[in-house]
Number of protein chains: 2
Amino acid sequence: MKPDRFKTLISEEGLKSTRQRAEILDIFLNSTGHKSLAEIHAWVAKMDPKIGYTTVYRTLKLLTRLGLAAERKFADGETRYEPTHEGTHHDHLICLGCGKIVEFEDDGLESLQDRIARGHGFKIFHHRMELYGYCGPCAHKKTSHRRKG
Amino acid sequence: MKPDRFKTLISEEGLKSTRQRAEILDIFLNSTGHKSLAEIHAWVAKMDPKIGYTTVYRTLKLLTRLGLAAERKFADGETRYEPTHEGTHHDHLICLGCGKIVEFEDDGLESLQDRIARGHGFKIFHHRMELYGYCGPCAHKKTSHRRKG
DNA sequence: CTATGTGCAAAAATTTTGCAGTTCA
DNA sequence: TGAACTGCAAAATTTTTGCACATAG
């Protein structure tokens with residue numbers, strides 16, 4: 001995702017490209033994703049303390065509207081945003097032990113989605129799948145505890 | 001799920017079975033599921049206006065802890081609760097047109113989950129899958145609009 | 001120049017907690 | 001009786017909005 005694409009998108013809507021938006025976009029796109037507003041703002045404020053929370057809030061809403069960001073609400077309740085990496089869809093594996101979030105892509109899932117949707121007369125646009133469990137290291141810790149315990 | 005089961009569960013924890021809890025449980029279990037706290041409270045208050053929002057809030061948290069209810073946060077942001085119908089797992093089809101939420105079960109999904117998890121060294125306990133799109137009637141409306149449009 | 005954007009502060013909407021009086025076991 | 005429960009009000013969060021000033025186009 002190049003900054004140019006953003007400029008094109010907003011000008012198409014008669015909106016403006018500002019210093020703040022460029023700053024937020026830059027930081028947001030180069031982040032790992034899954035960031036809460038507070039986290040993004042903290043990050044942005046480090047670069048430019050004058051940028052307010054409200055601007056970050058409104059910019060992320062804007063990016064969501066333009067399709068460059070996606071709001072996500074995981075089971076823990078906090079609203080998070082992640083860059084959309086247009087074209088590629090991915091889902092999430094979430095470790096209940098250490099909180100790590102791993103992204104994955106699976107074609108089987110995509111076709112399964114279509115089959116299920118057809119069975120219910122739905123026309124699907126997108127889906128969300130989250131797998132909750134323990135990653136390798138965390139699963140191992142739990143197993144060790146049980147051994148001879 | 002019989003009320004008796006609830007009585008057993010809470011007495012096991014040294015908790016009490018009260019009129020309010022019975023009322024909330026009754027209404028909650030006989031609902032369609034996916035209700036927000038405000039909705040549940042409004043419903044409960046119709047039966048007994050003296051029952052406060054706080055009690056509903058705390059009771060649903062309690063039910064969640066006991067495994068009788070599950071908190072869900074769909075993409076629209078509102079926290080909703082649904083009865084767990086122990087043993088059966090299901091996922092959701094969500095209509096973006098009319099907001100209808102349809103539950104479904106799919107064995108293929110369950111095995112796919114295991115395959116994906118293994119590939120990433122995860123041990124999965126549960127998952128969440130949501131398919132967003134348009135149900136039959138809503139999809140039809142959209143199509144009609146496009147015709148000769 | 002003018003419509004849009006920004007930032008502060010404050011309003012709204014949610015979720016959670018403290019406390020005094022009530023109730024179940 | 002005593003620990004748990006209830007309900008009100010108020011605190012803590014989180015999300016949104018109003019408004020005066022700044023700025024891109």
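What you are looking at is a predicted structure, and each value in this text was computed from that prediction instead of being measured. In what follows, every chain begins at residue 1, and chains take the letters A, B, ... in the order their sequences are listed.
Residues from residues 42-55 of chain A lying near DNA chain C, meaning a heavy-atom separation below 4.0 Å, are A:K50, A:I51, A:G52, A:T54, A:T55 in numerical order.
A:Y57 has its OH atom 17 Å from the P atom of C:dA11, to the nearest Å. The nearest whole Å value for the distance from the CG atom in B:L63 to the P atom in D:dC5 is 12 Å. B:I24 places its CD1 atom 12 Å from the P atom of D:dC5, with the value rounded to the nearest Å. Taking atom CD of A:E23 as the reference point, atom C1' of C:dT6 lies 14 Å away to the nearest angstrom. The interatomic distance linking B:R80 (CZ) with C:dT15 (P) rounds to 11 Å, in whole Å. Residue B:K73 contributes atom NZ, which lies 10 Å from atom P of D:dT15 at whole-angstrom precision. The nearest whole Å value for the distance from the NZ atom in B:K61 to the P atom in C:dT14 is 15 Å. Rounded to an integer number of Å, the gap from CG of A:L37 to C1' of C:dT14 is 16 Å.
Contact record, B:C95 with B:Y134: SG-CA, 3.9 Å, taken as the closest heavy-atom pair. What you find for A:I124 and B:Y132 is that their closest heavy atoms are CG2-O, 3.5 Å.
Criterion: ILVMFWY side-chain heavy atoms under 4.5 Å apart, direct or through other members. Under it, A:I94 and B:L109 are not part of a common hydrophobic cluster. The cluster map of Ile, Leu, Val, Met, Phe, Trp and Tyr, joined by side-chain heavy atoms under 4.5 Å apart, puts A:F125 and B:L93 in different clusters.
With axes fitted over five pairs at each extremity, the angle between the ends of the helix from C:dC1-D:dG25 to C:dA25-D:dT1 is 40° (10° resolution).
In terms of the salt bridge (charged side-chain N to carboxylate O under 4.0 Å, His left out) criterion, residue partners of A:E39 (sequence neighbours excluded) are, by chain and number, A:R80.
Considering B:R72, B:K35, B:H34, B:E71 in turn, B:E71 is the only one that fulfils the side chain to side chain contact (heavy atoms under 4.5 Å, CB included) rule with B:Y81.
Of the side-chain N and O atoms in A:T79, one or more sit less than 4.0 angstrom from OP1 or OP2 of D:dT15. Proximity of B:Q20 to the phosphate of C:dC24: no side-chain N or O atom is located under 4.0 Å from OP1 or OP2.
Counting only residues at least two apart or in different chains, side chain to side chain donor-acceptor pair (under 3.5 Å) contacts with residues 113-127 of chain B comprise A:D106-B:R115, B:H89-B:H127, B:D91-B:H127, B:Q113-B:H127. The ring pair (Phe, Tyr, Trp, His ring centres under 6.0 Å) pairs that include a residue from residues 50-73 of chain B are B:H41-B:Y53, where partners are two or more places apart or lie in different chains.
Ion pair B:R128/B:E130 flagged as a salt bridge, since at least one NZ, NE, NH1 or NH2 atom sits closer than 4.0 Å to an Asp/Glu carboxylate oxygen.
Of the N and O atoms on the side chains of A:S17 and A:K7, not one donor lies less than 3.5 Å from an acceptor on the other residue.
Positionally, the nearest nucleotide of DNA chain C for A:G14 lies more toward the 5' end than for the other of B:R58 and A:G14.
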Checking side chain to side chain contact (heavy atoms under 4.5 Å, CB included) for the pair A:L131/A:F104: CA distance, chi angles, key distance, verdict?
-> CA-CA 10 Å; A:L131 301 176; A:F104 71 87; 4.0 Å; yes
With sugar-phosphate taken as primed atoms, P, OP1 and OP2 and all else as base, the protein-contact string of nucleotides 20-25 of chain D at under 4.0 Å (heavy atoms; B, S, -) is ---BBS
